[in-house]
There are 2 protein chains.
Amino acid sequence: MKNERTIDEIDHSILEILQEKARVPNAEVARQVGMAPSAVLERIRKLEDRGFIEGYEVRLNPVEFDQGLAAFVHIRVLPHANGALAAKLTEVTGVQEVHQVAGEDGYLLKLRVADNVELGTILRDELMMLDGVESTRTSIVLNTIKETRKIDLNR
Amino acid sequence: MKNERTIDEIDHSILEILQEKARVPNAEVARQVGMAPSAVLERIRKLEDRGFIEGYEVRLNPVEFDQGLAAFVHIRVLPHANGALAAKLTEVTGVQEVHQVAGEDGYLLKLRVADNVELGTILRDELMMLDGVESTRTSIVLNTIKETRKIDLNR
DNA sequence: ATAGCTTCAGAATATAATTCTGTACCAAGC
DNA sequence: GCTTGGTACAGAATTATATTCTGAAGCTAT
């Protein structure tokens with residue numbers, strides 16, 4: 001019996017096409033991989049069912065929505081800090097990512113905000129107010145050279 | 001004449017629906033916002049044309065593609081470093097993001113790799129080999145609590 | 001060999017996107 | 001106040017696309 005947890009070259013091709021442009025018609029994908037649309041659709045459905053494909057997203061332009069400034073904030077946590085801190089961090093204004101990191105015994109946040117003023121306000125009035133936060137170190141992004149979620153399928 | 005660079009409450013609603021689930025049928029969006037499908041489509045096209053919507057993406061499950069480990073790498077750059085460094089960084093294996101950051105005079109990278117072994121290899125054989133790199137500091141992600149690109153439209 | 005399973009193509013069908021047309025609305029200029 | 005030009009919208013008509021269905025082919029284990 002075929003292993004249901006592997007993907008073959010055709011799946012690879014399909015996913016590469018979808019990673020380039022998620023809104024390409026099925027028939028077009030089928031043409032590119034040389035199969036019938038129905039077969040391609042069946043494969044995509046299976047990739048979804050098996051969890052290889054998690055979902056489909058729209059990507060908005062942050063600048064147009066007053067979120068032109070990105071920043072990373074390292075948060076050092078006090079010993080014996082409340083476990084609820086992580087959940088609180090996800091609720092902070094502008095926070096898009098919360099990662100628990102090793103080495104620093106803390107969290108790394110990615111934020112999108114309007115400008116330095118808003119960032120300062122958030123740091124002062126929201127982050128520093130949370131129980132368990134010992135200190136923060138902020139890296140302001142001057143320029144984003146690359147930002148993608150694409151996964152390199154060829155390795 | 002109406003300002004072509006603003007979006008109204010209806011656009012907001014549409015974008016919120018799309019941010020929840022990018023693959024919702026037009027007619028369903030229309031129903032939710034109480035308009036005709038043709039009108040909704042017209043609005044979406046304009047949002048695309050004006051650059052508010054940058055594109056549509058498929059989100060793959062990194063774990064299934066042997067990229068279960070995330071890491072952030074701060075790179076400190078030597079004075080007078082070659083300007084080509086940034087471009088080189090984007091080509092490094094597993095690199096999804098490259099941000100030029102203030103304060104540290106360097107770059108912040110986000111990587112997705114299979115495991116610690118691969119991460120070590122990349123740091124040693126790829127990153128440290130690049131001209132202009134003075135030092136690196138790596139934060140290994142133990143647990144990602146939140147990771148989204150959604151933009152809060154209500155501010 | 002053959003039963004059981006998967007994959008696929010191609011046709012048939014269902015659903016959705018897109019185009020088209022006319023109307024209403026609003027603002028600017030006369 | 002009237003007209004012109006532009007935008008937004010609904011609803012119908014059309015086109016494109018997705019989905020379902022069926023049968024055939026291939027593969028594997030027995």
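Chain letters run A, B, ... following the sequence lines, proteins first and then strands; every chain starts at 1.
Each of A/Gly34 and B/Pro25 was matched to the nucleotide of DNA chain C holding its nearest heavy atom; the match closer to the 5' end belongs to A/Gly34. Comparing A/Arg23 and A/Pro37 along DNA chain C, the residue whose closest nucleotide (by nearest heavy atom) sits nearer the 5' end is A/Pro37.
In this structure, the CE atom of B/Met35 is 16 Å from the P atom of C/dC25, given to the nearest Å. Atom pair B/Glu9:CD and D/dA8:P shows a separation of 13 Å (rounding to whole Å applied). Atom CG in B/Leu18 sits about 11 Å away from atom P in C/dA17, given to the nearest Å. Across the protein-nucleic acid pair, A/Arg50 atom CZ and C/dT7 atom C1' stand 11 Å apart, rounded to whole Å. Atom NZ in B/Lys46 sits roughly 7 Å away from atom C1' in D/dA8 (whole-Å rounding). The distance between atom CD1 of A/Ile44 and atom P of D/dA18, rounded to the nearest whole Å, is 9 Å.
For the pair A/Arg43 and C/dC8, the criterion of a side-chain N or O lying under 4.0 Å from OP1 or OP2 is met.
The side chain of B/Glu42 lies closest to D/dA8 when the candidates are D/dA8, C/dC8, C/dA16. Here the side chain of B/Leu41 is nearest to one of C/dT18, C/dC8, D/dT19, namely C/dT18. Between D/dA18, C/dC20, C/dG10, one nucleotide has an atom nearer to the side chain of A/Asn26 than all others, and that is D/dA18.
Just one of A/Arg50, A/Lys46, A/Arg45 meets the salt bridge (Lys or Arg N to Asp or Glu O under 4.0 Å) condition when paired with A/Glu48; it is A/Arg45.
Nucleic acid contact class of B/Arg45 (heavy atoms, under 4.0 Å, all strands): sugar-phosphate only. Contacts of B/Ala36 with the nucleic acid, taken as non-hydrogen atoms under 4.0 Å apart, include base atoms.
Looking at B/Glu16 and B/Asn154, their side chains do bring a donor and an acceptor atom within 3.5 Å of each other.
One distance of note links CE of B/Met129 with CD1 of B/Ile122; it measures 14.5 Å at 0.5 Å rounding. With rounding to the nearest 0.5 angstrom, the CG atom of B/Leu15 is 9.0 Å from the CZ atom of B/Phe52.
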Next on the checklist: Run B/Glu54 and B/Arg149 through salt bridge (charged side-chain N to carboxylate O under 4.0 Å, His left out) and show every step you take.
Outcome noted: CA-CA 12 Å; B/Glu54 289 185 341; B/Arg149 280 195 175 176; over 6 Å; no

